**Student:** 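Here you go, one structure.
The structure presented is a predicted model; accordingly, all values stated were derived computationally and were not measured. Positions are given from 1, in the same order as the sequence printed here. Values below: every heavy atom of this structure, side chains too, minus hydrogens, waters and symmetry copies. Indexing begins at 1, ligand by ligand and atom by atom, following the structure's order.
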Amino acid sequence: MAIDYQERIPNNVDLGSDRSLQRALEHWQPRFLEWWKGMGPTDFQSADVYLRTAVSVDRKGWASFGHVKMPDYRWGIFLAERDQDRVIGFGDEHRKPVWQQVPGEHRSTLRRLIVTQGDTEPASVEQQRLLGLTAPSLYDLRGLFQVNVEEGRHLWAMVYLLHAYFGRDGREEAEELLQRHSGDQDKPRILGTFNEPISDWLSFFMFTFFTDRDGKYQLMSLAESAFDPLARTCQFMLTEEAHHMFIGHTGLARVTKRTLEVMDELGTEDPEAIRRAGAIDLPTIQKYVNFWFSSALDLFGSESSSNAALYFAAGLKGRPNEAQFEDHLALDQSYRLETPDGRGGITAEDIPLRNAMNEATRSAYVQECQIFMDRWNDTIERAGYSFRYRLPSSRFRRSIGVWAGTCTNLDGQPISHEAFEAARDAWLPTEADRAFVHSLMQAVTEPGKMAAWIAPPDRGINNLAVDYEYVRLA
Ligand SMILES: [Fe+2]
Ligand SMILES: [Fe+2]
(Lines give C-alpha, C1' and ligand atoms only; values in the text may rest on other atoms or scores of the structure.)
(Ligands and ions follow the chains in the order given, each with its own letter.)
Protein backbone atom coordinates (compact mmCIF):
# COMPACT_ATOMS: atom_id res chain seq x y z
CA MET A 1 0.00 0.00 0.00
CA ALA A 2 1.36 3.36 -0.97
CA ILE A 3 1.77 5.65 1.94
CA ASP A 4 0.75 9.23 1.46
CA TYR A 5 3.96 10.70 2.67
CA GLN A 6 2.64 14.23 2.62
CA GLU A 7 0.30 13.03 5.30
CA ARG A 8 2.96 11.39 7.39
CA ILE A 9 5.63 14.07 7.39
CA PRO A 10 4.27 17.56 6.89
CA ASN A 11 6.83 19.53 4.93
CA ASN A 12 7.36 22.47 2.66
CA VAL A 13 10.40 21.05 0.88
CA ASP A 14 8.53 19.05 -1.74
CA LEU A 15 9.65 15.82 -0.17
CA GLY A 16 7.41 13.78 -2.48
CA SER A 17 9.52 14.73 -5.49
CA ASP A 18 12.69 13.10 -4.15
CA ARG A 19 12.09 9.37 -3.86
CA SER A 20 15.35 8.33 -2.28
CA LEU A 21 15.31 11.10 0.29
CA GLN A 22 11.73 10.22 1.06
CA ARG A 23 12.67 6.58 1.59
CA ALA A 24 15.63 7.47 3.76
CA LEU A 25 13.51 9.62 6.05
CA GLU A 26 10.80 6.94 6.07
CA HIS A 27 13.42 4.61 7.36
CA TRP A 28 14.51 7.05 10.06
CA GLN A 29 10.99 7.97 11.22
CA PRO A 30 10.16 4.76 13.16
CA ARG A 31 13.53 4.94 14.87
CA PHE A 32 12.78 8.48 15.92
CA LEU A 33 9.42 7.36 17.36
CA GLU A 34 11.09 4.52 19.17
CA TRP A 35 13.56 7.00 20.65
CA TRP A 36 10.71 9.35 21.61
CA LYS A 37 8.83 6.59 23.40
CA GLY A 38 11.92 5.32 25.18
CA MET A 39 13.78 8.55 25.94
CA GLY A 40 11.07 11.24 25.68
CA PRO A 41 8.71 12.40 28.45
CA THR A 42 8.03 9.51 30.77
CA ASP A 43 4.50 8.41 31.71
CA PHE A 44 2.56 10.91 29.60
CA GLN A 45 2.57 9.36 26.15
CA SER A 46 -1.17 8.71 26.23
CA ALA A 47 -2.17 12.06 27.73
CA ASP A 48 -3.95 14.56 25.47
CA VAL A 49 -1.80 17.68 25.41
CA TYR A 50 -2.86 21.06 24.05
CA LEU A 51 0.00 21.60 21.63
CA ARG A 52 0.79 23.87 18.76
CA THR A 53 2.01 22.21 15.60
CA ALA A 54 3.88 23.97 12.82
CA VAL A 55 1.81 23.81 9.66
CA SER A 56 3.46 26.43 7.46
CA VAL A 57 6.08 29.16 7.61
CA ASP A 58 3.58 31.96 7.06
CA ARG A 59 4.22 34.60 9.71
CA LYS A 60 0.52 35.26 10.16
CA GLY A 61 -0.46 31.73 11.00
CA TRP A 62 2.24 29.15 11.08
CA ALA A 63 0.86 26.89 13.78
CA SER A 64 -2.35 25.13 14.70
CA PHE A 65 -3.41 24.32 18.27
CA GLY A 66 -5.22 21.27 19.53
CA HIS A 67 -5.11 18.35 21.93
CA VAL A 68 -2.87 15.55 20.70
CA LYS A 69 -1.14 12.59 22.20
CA MET A 70 2.57 13.32 21.98
CA PRO A 71 3.54 10.27 19.89
CA ASP A 72 0.96 11.49 17.34
CA TYR A 73 2.53 14.94 17.12
CA ARG A 74 3.22 15.75 13.49
CA TRP A 75 6.93 16.34 13.41
CA GLY A 76 7.63 17.93 10.07
CA ILE A 77 10.23 19.66 7.97
CA PHE A 78 9.89 23.39 7.58
CA LEU A 79 12.30 25.82 6.02
CA ALA A 80 11.74 29.56 5.76
CA GLU A 81 10.85 30.80 2.25
CA ARG A 82 13.74 30.90 -0.16
CA ASP A 83 14.95 34.35 -1.15
CA GLN A 84 16.12 33.95 -4.77
CA ASP A 85 18.40 36.98 -4.55
CA ARG A 86 20.07 36.12 -1.27
CA VAL A 87 23.83 36.65 -1.26
CA ILE A 88 26.48 35.73 1.30
CA GLY A 89 26.40 38.33 4.04
CA PHE A 90 29.95 38.21 5.41
CA GLY A 91 33.45 36.78 5.17
CA ASP A 92 35.71 36.19 2.19
CA GLU A 93 32.80 35.25 -0.08
CA HIS A 94 30.80 38.36 0.81
CA ARG A 95 28.16 39.31 -1.80
CA LYS A 96 28.53 36.13 -3.83
CA PRO A 97 25.36 34.02 -4.30
CA VAL A 98 24.53 31.71 -1.40
CA TRP A 99 24.99 27.96 -1.86
CA GLN A 100 22.13 25.57 -2.51
CA GLN A 101 24.52 22.62 -2.23
CA VAL A 102 27.39 21.93 0.13
CA PRO A 103 30.78 22.93 -1.33
CA GLY A 104 33.18 20.00 -1.11
CA GLU A 105 35.79 21.89 0.86
CA HIS A 106 33.30 22.75 3.62
CA ARG A 107 31.52 19.45 3.75
CA SER A 108 32.98 18.03 6.94
CA THR A 109 32.91 21.36 8.79
CA LEU A 110 29.27 21.98 7.93
CA ARG A 111 28.33 18.44 8.86
CA ARG A 112 30.03 18.92 12.23
CA LEU A 113 28.17 22.18 12.85
CA ILE A 114 24.84 20.59 11.97
CA VAL A 115 25.49 17.47 14.04
CA THR A 116 26.55 19.52 17.07
CA GLN A 117 23.43 21.66 16.86
CA GLY A 118 21.28 18.61 16.15
CA ASP A 119 22.67 16.72 19.13
CA THR A 120 21.48 19.33 21.63
CA GLU A 121 17.84 18.98 20.53
CA PRO A 122 17.13 15.37 21.58
CA ALA A 123 19.61 15.80 24.45
CA SER A 124 17.39 18.37 26.13
CA VAL A 125 14.35 16.13 25.76
CA GLU A 126 16.28 13.36 27.49
CA GLN A 127 17.46 15.69 30.25
CA GLN A 128 13.90 16.75 30.97
CA ARG A 129 12.15 13.42 30.69
CA LEU A 130 11.14 13.07 34.34
CA LEU A 131 9.96 16.62 34.90
CA GLY A 132 6.37 15.87 33.93
CA LEU A 133 5.96 13.94 37.17
CA THR A 134 6.40 17.09 39.26
CA ALA A 135 4.84 19.86 37.15
CA PRO A 136 3.58 22.79 39.26
CA SER A 137 0.40 23.06 37.12
CA LEU A 138 -1.24 21.70 33.99
CA TYR A 139 -0.32 24.95 32.25
CA ASP A 140 3.35 24.28 33.02
CA LEU A 141 3.08 20.62 32.14
CA ARG A 142 1.83 21.64 28.73
CA GLY A 143 4.69 24.14 28.41
CA LEU A 144 7.23 21.43 29.12
CA PHE A 145 5.74 19.11 26.52
CA GLN A 146 5.52 21.91 23.96
CA VAL A 147 9.24 22.51 24.38
CA ASN A 148 9.93 18.77 24.19
CA VAL A 149 8.01 18.11 20.97
CA GLU A 150 9.57 21.15 19.34
CA GLU A 151 13.07 20.07 20.30
CA GLY A 152 12.08 16.82 18.62
CA ARG A 153 11.12 18.82 15.54
CA HIS A 154 14.44 20.62 15.64
CA LEU A 155 16.08 17.24 15.52
CA TRP A 156 14.00 16.53 12.42
CA ALA A 157 15.15 19.83 10.95
CA MET A 158 18.82 18.87 11.33
CA VAL A 159 18.25 15.27 10.25
CA TYR A 160 16.58 16.52 7.09
CA LEU A 161 19.72 18.51 6.23
CA LEU A 162 21.96 15.53 6.96
CA HIS A 163 19.88 13.22 4.81
CA ALA A 164 19.29 15.67 1.98
CA TYR A 165 22.81 17.11 1.60
CA PHE A 166 25.37 14.77 3.16
CA GLY A 167 24.68 11.41 1.58
CA ARG A 168 25.72 8.28 3.39
CA ASP A 169 27.73 10.12 6.06
CA GLY A 170 24.71 12.24 6.80
CA ARG A 171 22.46 9.21 7.21
CA GLU A 172 24.95 7.66 9.60
CA GLU A 173 25.11 10.83 11.64
CA ALA A 174 21.31 10.89 11.76
CA GLU A 175 21.34 7.39 13.26
CA GLU A 176 23.91 8.40 15.84
CA LEU A 177 21.81 11.34 16.92
CA LEU A 178 19.40 8.73 18.28
CA GLN A 179 22.11 6.52 19.73
CA ARG A 180 23.95 9.02 21.92
CA HIS A 181 22.02 9.75 25.09
CA SER A 182 22.25 12.43 27.70
CA GLY A 183 24.41 11.24 30.59
CA ASP A 184 25.22 7.90 28.94
CA GLN A 185 28.59 6.58 30.13
CA ASP A 186 29.57 5.12 26.78
CA LYS A 187 27.77 7.35 24.31
CA PRO A 188 27.12 10.72 25.89
CA ARG A 189 25.78 13.80 24.12
CA ILE A 190 28.44 15.96 22.51
CA LEU A 191 28.32 19.04 24.75
CA GLY A 192 28.93 18.68 28.47
CA THR A 193 25.97 20.69 29.79
CA PHE A 194 23.59 18.49 27.86
CA ASN A 195 24.58 15.47 29.89
CA GLU A 196 23.32 16.88 33.19
CA PRO A 197 19.83 15.77 34.16
CA ILE A 198 17.32 18.54 34.82
CA SER A 199 15.35 17.22 37.71
CA ASP A 200 13.59 20.24 39.19
CA TRP A 201 11.46 22.98 37.69
CA LEU A 202 13.59 25.88 38.85
CA SER A 203 16.40 24.31 36.80
CA PHE A 204 13.99 23.79 33.89
CA PHE A 205 13.12 27.50 33.85
CA MET A 206 16.82 28.37 34.16
CA PHE A 207 17.57 26.00 31.27
CA THR A 208 14.88 27.49 29.01
CA PHE A 209 16.00 30.99 30.00
CA PHE A 210 19.78 30.60 29.74
CA THR A 211 20.49 27.49 27.67
CA ASP A 212 17.71 27.86 25.09
CA ARG A 213 18.84 31.47 24.71
CA ASP A 214 22.31 30.24 23.86
CA GLY A 215 20.51 28.04 21.32
CA LYS A 216 18.83 31.12 19.93
CA TYR A 217 22.18 32.85 19.39
CA GLN A 218 23.68 29.76 17.77
CA LEU A 219 20.67 29.54 15.45
CA MET A 220 20.95 33.25 14.64
CA SER A 221 24.59 32.73 13.66
CA LEU A 222 23.69 29.72 11.52
CA ALA A 223 20.73 31.58 10.00
CA GLU A 224 23.40 33.82 8.41
CA SER A 225 25.13 30.85 6.78
CA ALA A 226 26.05 30.86 3.12
CA PHE A 227 24.66 27.33 2.98
CA ASP A 228 21.12 28.45 2.25
CA PRO A 229 19.15 25.35 3.32
CA LEU A 230 20.82 25.58 6.75
CA ALA A 231 20.08 29.30 7.01
CA ARG A 232 16.41 28.78 6.12
CA THR A 233 16.09 25.83 8.49
CA CYS A 234 17.48 27.88 11.38
CA GLN A 235 15.32 30.87 10.59
CA PHE A 236 12.21 28.80 11.11
CA MET A 237 13.58 27.10 14.21
CA LEU A 238 14.00 30.55 15.73
CA THR A 239 10.26 31.09 15.43
CA GLU A 240 9.67 28.08 17.67
CA GLU A 241 12.62 28.80 19.94
CA ALA A 242 11.10 32.12 20.99
CA HIS A 243 8.41 30.24 22.91
CA HIS A 244 10.96 28.17 24.81
CA MET A 245 12.59 31.33 26.10
CA PHE A 246 9.13 32.73 26.88
CA ILE A 247 8.59 29.72 29.12
CA GLY A 248 11.93 30.43 30.78
CA HIS A 249 11.53 34.13 31.45
CA THR A 250 7.87 34.00 32.43
CA GLY A 251 8.59 30.98 34.63
CA LEU A 252 11.35 32.82 36.48
CA ALA A 253 9.23 35.96 36.76
CA ARG A 254 6.41 33.90 38.29
CA VAL A 255 8.73 32.25 40.81
CA THR A 256 10.02 35.69 41.83
CA LYS A 257 6.49 37.07 42.03
CA ARG A 258 5.38 34.29 44.32
CA THR A 259 8.40 34.75 46.59
CA LEU A 260 7.64 38.47 46.88
CA GLU A 261 4.03 37.67 47.79
CA VAL A 262 5.23 35.36 50.54
CA MET A 263 7.66 38.01 51.78
CA ASP A 264 4.71 40.43 51.98
CA GLU A 265 2.49 37.91 53.73
CA LEU A 266 5.15 37.07 56.30
CA GLY A 267 6.54 40.58 56.58
CA THR A 268 10.09 39.27 56.37
CA GLU A 269 12.94 38.68 53.94
CA ASP A 270 14.34 35.88 56.08
CA PRO A 271 15.19 33.03 53.68
CA GLU A 272 14.41 30.34 56.25
CA ALA A 273 10.94 31.75 56.91
CA ILE A 274 10.26 31.98 53.18
CA ARG A 275 11.35 28.39 52.71
CA ARG A 276 9.16 27.23 55.58
CA ALA A 277 6.24 28.90 53.77
CA GLY A 278 6.99 26.75 50.71
CA ALA A 279 8.49 29.42 48.44
CA ILE A 280 12.02 29.79 47.08
CA ASP A 281 14.00 32.63 48.67
CA LEU A 282 15.60 35.09 46.26
CA PRO A 283 19.22 34.32 47.29
CA THR A 284 18.68 30.69 46.32
CA ILE A 285 17.28 31.73 42.93
CA GLN A 286 20.39 33.91 42.52
CA LYS A 287 22.63 30.91 43.11
CA TYR A 288 20.82 29.05 40.36
CA VAL A 289 21.35 32.08 38.10
CA ASN A 290 25.09 31.98 38.88
CA PHE A 291 25.23 28.29 38.04
CA TRP A 292 23.17 28.28 34.84
CA PHE A 293 24.49 31.54 33.41
CA SER A 294 28.10 30.45 33.78
CA SER A 295 27.49 27.06 32.21
CA ALA A 296 25.56 28.63 29.30
CA LEU A 297 28.49 30.99 28.61
CA ASP A 298 30.75 28.02 27.96
CA LEU A 299 28.47 26.94 25.11
CA PHE A 300 29.63 29.89 23.03
CA GLY A 301 33.13 28.45 22.88
CA SER A 302 36.49 30.02 23.49
CA GLU A 303 36.87 33.81 23.44
CA SER A 304 39.70 33.50 20.98
CA SER A 305 38.97 30.83 18.42
CA SER A 306 40.65 29.99 15.16
CA ASN A 307 37.66 27.79 14.29
CA ALA A 308 35.32 30.75 14.70
CA ALA A 309 37.59 32.78 12.42
CA LEU A 310 37.53 29.98 9.87
CA TYR A 311 33.73 29.69 9.97
CA PHE A 312 33.41 33.42 9.50
CA ALA A 313 35.93 33.63 6.67
CA ALA A 314 34.27 30.76 4.82
CA GLY A 315 30.75 32.13 5.29
CA LEU A 316 29.63 29.10 7.31
CA LYS A 317 28.59 30.88 10.49
CA GLY A 318 28.13 34.61 10.91
CA ARG A 319 27.33 36.98 13.72
CA PRO A 320 23.74 37.22 14.96
CA ASN A 321 21.99 39.90 12.89
CA GLU A 322 25.03 40.24 10.65
CA ALA A 323 23.20 42.94 8.69
CA GLN A 324 23.41 45.34 11.63
CA PHE A 325 27.20 45.51 11.32
CA GLU A 326 28.78 48.01 8.98
CA ASP A 327 31.76 45.95 8.04
CA HIS A 328 31.06 42.36 7.01
CA LEU A 329 34.65 41.41 6.31
CA ALA A 330 35.99 42.01 9.81
CA LEU A 331 39.52 42.12 8.45
CA ASP A 332 42.31 44.28 9.85
CA GLN A 333 40.38 44.90 13.03
CA SER A 334 41.13 43.76 16.48
CA TYR A 335 39.20 42.92 19.58
CA ARG A 336 40.48 43.70 23.05
CA LEU A 337 40.31 40.61 25.17
CA GLU A 338 40.90 40.49 28.90
CA THR A 339 42.75 37.40 30.03
CA PRO A 340 44.28 36.18 33.27
CA ASP A 341 47.95 37.19 33.52
CA GLY A 342 48.89 33.99 35.32
CA ARG A 343 49.93 35.90 38.44
CA GLY A 344 46.50 36.50 39.87
CA GLY A 345 45.85 39.61 37.83
CA ILE A 346 44.23 40.58 34.55
CA THR A 347 45.90 41.61 31.35
CA ALA A 348 44.54 42.61 27.97
CA GLU A 349 45.52 41.48 24.53
CA ASP A 350 44.35 42.44 21.09
CA ILE A 351 43.27 39.57 18.91
CA PRO A 352 42.07 39.64 15.29
CA LEU A 353 38.33 40.39 15.23
CA ARG A 354 37.59 37.25 13.24
CA ASN A 355 39.03 35.18 16.07
CA ALA A 356 36.74 36.95 18.52
CA MET A 357 33.42 36.03 16.89
CA ASN A 358 32.41 33.74 19.77
CA GLU A 359 33.02 36.57 22.18
CA ALA A 360 31.03 39.03 20.08
CA THR A 361 28.09 36.64 20.12
CA ARG A 362 28.49 35.96 23.83
CA SER A 363 28.45 39.69 24.60
CA ALA A 364 25.16 40.14 22.75
CA TYR A 365 23.77 37.23 24.75
CA VAL A 366 24.90 38.70 28.07
CA GLN A 367 23.22 42.00 27.24
CA GLU A 368 19.95 40.24 26.46
CA CYS A 369 20.07 38.29 29.73
CA GLN A 370 20.70 41.54 31.59
CA ILE A 371 17.49 43.08 30.21
CA PHE A 372 15.47 40.46 32.07
CA MET A 373 17.48 40.86 35.28
CA ASP A 374 16.70 44.59 35.16
CA ARG A 375 13.04 43.88 34.60
CA TRP A 376 12.82 41.52 37.58
CA ASN A 377 14.79 43.94 39.70
CA ASP A 378 12.22 46.63 38.89
CA THR A 379 9.53 44.28 40.20
CA ILE A 380 11.50 43.68 43.39
CA GLU A 381 12.16 47.37 43.83
CA ARG A 382 8.49 48.25 43.34
CA ALA A 383 7.64 45.67 45.99
CA GLY A 384 9.88 47.62 48.34
CA TYR A 385 12.76 45.18 48.84
CA SER A 386 16.46 45.84 48.49
CA PHE A 387 17.49 42.49 47.00
CA ARG A 388 18.68 42.66 43.35
CA TYR A 389 19.45 39.89 40.90
CA ARG A 390 22.73 40.15 39.09
CA LEU A 391 24.55 38.26 36.41
CA PRO A 392 27.98 37.17 37.58
CA SER A 393 30.96 38.29 35.53
CA SER A 394 31.42 36.25 32.37
CA ARG A 395 34.80 35.18 33.82
CA PHE A 396 33.12 33.46 36.74
CA ARG A 397 33.23 29.64 36.89
CA ARG A 398 34.19 29.10 33.31
CA SER A 399 35.26 25.68 32.02
CA ILE A 400 35.97 26.73 28.44
CA GLY A 401 37.97 29.65 27.11
CA VAL A 402 40.68 31.90 28.46
CA TRP A 403 39.18 31.98 31.97
CA ALA A 404 38.86 28.22 32.31
CA GLY A 405 40.79 27.05 35.34
CA THR A 406 41.05 30.54 36.86
CA CYS A 407 39.01 31.09 40.01
CA THR A 408 37.29 34.45 40.22
CA ASN A 409 34.70 36.06 42.44
CA LEU A 410 31.31 37.12 41.09
CA ASP A 411 32.85 40.39 39.86
CA GLY A 412 35.39 38.47 37.81
CA GLN A 413 38.38 39.35 39.98
CA PRO A 414 40.87 36.48 40.15
CA ILE A 415 41.00 34.87 43.58
CA SER A 416 42.78 31.86 45.01
CA HIS A 417 41.36 28.40 44.76
CA GLU A 418 40.96 28.36 48.56
CA ALA A 419 39.05 31.64 48.51
CA PHE A 420 36.77 30.28 45.81
CA GLU A 421 36.11 27.09 47.74
CA ALA A 422 35.40 29.11 50.87
CA ALA A 423 32.79 31.18 49.03
CA ARG A 424 31.37 28.39 46.88
CA ASP A 425 28.36 27.69 49.07
CA ALA A 426 27.40 31.35 49.06
CA TRP A 427 27.63 31.59 45.28
CA LEU A 428 26.39 28.28 43.92
CA PRO A 429 23.56 25.93 44.87
CA THR A 430 24.60 23.60 47.68
CA GLU A 431 23.36 20.05 48.14
CA ALA A 432 21.01 21.44 50.79
CA ASP A 433 19.68 24.12 48.42
CA ARG A 434 19.04 21.51 45.76
CA ALA A 435 17.40 19.20 48.25
CA PHE A 436 15.15 22.03 49.38
CA VAL A 437 14.14 22.92 45.81
CA HIS A 438 13.51 19.24 45.13
CA SER A 439 11.32 19.00 48.21
CA LEU A 440 8.94 21.55 46.64
CA MET A 441 8.50 19.55 43.47
CA GLN A 442 5.06 18.02 43.83
CA ALA A 443 2.75 17.56 40.88
CA VAL A 444 -0.32 19.80 40.80
CA THR A 445 -2.85 18.44 38.33
CA GLU A 446 -6.09 20.29 39.04
CA PRO A 447 -6.80 22.76 36.20
CA GLY A 448 -5.90 26.33 37.21
CA LYS A 449 -4.18 25.34 40.47
CA MET A 450 -0.51 26.22 41.02
CA ALA A 451 2.15 24.83 43.32
CA ALA A 452 2.84 27.11 46.29
CA TRP A 453 6.25 28.23 45.00
CA ILE A 454 5.06 29.76 41.73
CA ALA A 455 2.50 32.44 40.82
CA PRO A 456 -0.05 31.75 38.07
CA PRO A 457 0.76 33.08 34.60
CA ASP A 458 -0.81 36.39 33.58
CA ARG A 459 -2.73 34.68 30.80
CA GLY A 460 -3.27 31.26 29.30
CA ILE A 461 -2.09 29.82 26.00
CA ASN A 462 -3.65 30.87 22.70
CA ASN A 463 -6.18 33.17 24.45
CA LEU A 464 -7.51 30.38 26.64
CA ALA A 465 -8.06 30.74 30.38
CA VAL A 466 -5.33 29.86 32.86
CA ASP A 467 -7.60 27.15 34.29
CA TYR A 468 -8.14 25.51 30.90
CA GLU A 469 -7.41 21.78 30.94
CA TYR A 470 -4.15 22.01 28.98
CA VAL A 471 -3.33 18.39 29.63
CA ARG A 472 -5.98 15.70 29.88
CA LEU A 473 -4.28 13.01 31.84
CA ALA A 474 -5.07 9.53 30.67
FE1 LIG B 1 15.81 23.56 19.76
FE1 LIG C 1 14.59 25.25 22.54
**Student:** Can you tell me the N, O or S atom of Glu151 that's nearest the Fe ion (ligand 1)?
**Tutor:**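 Nearest N/O/S atom of Glu151: OE1.
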
**Student:** Tell me, which N, O or S atom in Glu121 is closest to the Fe ion (ligand 1)?
**Tutor:**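 Checking each N, O and S atom of Glu121, the shortest distance to the Fe ion (ligand 1) belongs to OE1.
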
**Student:** Compile the donor-acceptor pairs under 3.5 Å between side chains in residues 243-250 and protein atoms, sequence neighbours left out, one pair per line.
**Tutor:**
{"from": "His243", "atom 1": "NE2", "to": "Arg142", "atom 2": "NH1", "distance (Å)": "3.3"}
{"from": "His244", "atom 1": "ND1", "to": "Glu151", "atom 2": "OE2", "distance (Å)": "3.1"}
{"from": "His244", "atom 1": "ND1", "to": "Glu241", "atom 2": "OE2", "distance (Å)": "3.1"}
{"from": "His244", "atom 1": "NE2", "to": "Glu150", "atom 2": "OE1", "distance (Å)": "2.8"}
{"from": "Thr250", "atom 1": "OG1", "to": "Phe246", "atom 2": "O", "distance (Å)": "2.6"}

**Student:** Taking just the N, O or S atoms of His154, which one is nearest to the Fe ion (ligand 1)?
**Tutor:**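 Of the nitrogen, oxygen and sulfur atoms in His154, the Fe ion (ligand 1) lies nearest to ND1.
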
**Student:** For residues 103-111, please give each side-chain donor-acceptor pair under 3.5 Å, one per line with the distance, not counting sequence neighbours.
**Tutor:**
{"from": "Arg107", "atom 1": "NH2", "to": "Phe166", "atom 2": "O", "distance (Å)": "3.0"}
{"from": "Arg111", "atom 1": "NH1", "to": "Asp169", "atom 2": "OD2", "distance (Å)": "2.8"}

**Student:** For atom CG of Asp72, is the number of surrounding heavy atoms from other residues, nucleotides or ligands below 6.0 Å larger than 12?
**Tutor:**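 Correct, the count exceeds 12.
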
**Student:** As a test of reading the structure, name the N/O/S atom of His244 that is nearest the Fe ion (ligand 2).
**Tutor:**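 When I compare the N, O and S atoms of His244, ND1 is nearest to the Fe ion (ligand 2).
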
**Student:** Look at the N, O or S atoms of Glu241, main chain and side chain alike, and state whether any lies under 2.8 Å from the Fe ion (ligand 2).
**Tutor:**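 It does; at least one qualifying atom falls short of 2.8 Å.
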
**Student:** Do you see an N/O/S atom of Asp212, backbone or side chain, under 2.8 Å from the Fe ion (ligand 2)?
**Tutor:**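 So Asp212 counts as coordinating the Fe ion (ligand 2), yes.
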
**Student:** Answer yes if the ring centres of Trp156 and Trp28 are under 6.0 angstrom apart, and no otherwise.
**Tutor:**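 That pair passes the under 6.0 Å test.
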
**Student:** Counting only N and O atoms by type, is there a donor-acceptor contact under 3.5 Å from the side chain of Asp228 to the main-chain atoms of Val98?
**Tutor:**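 Checked: no pair found.
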
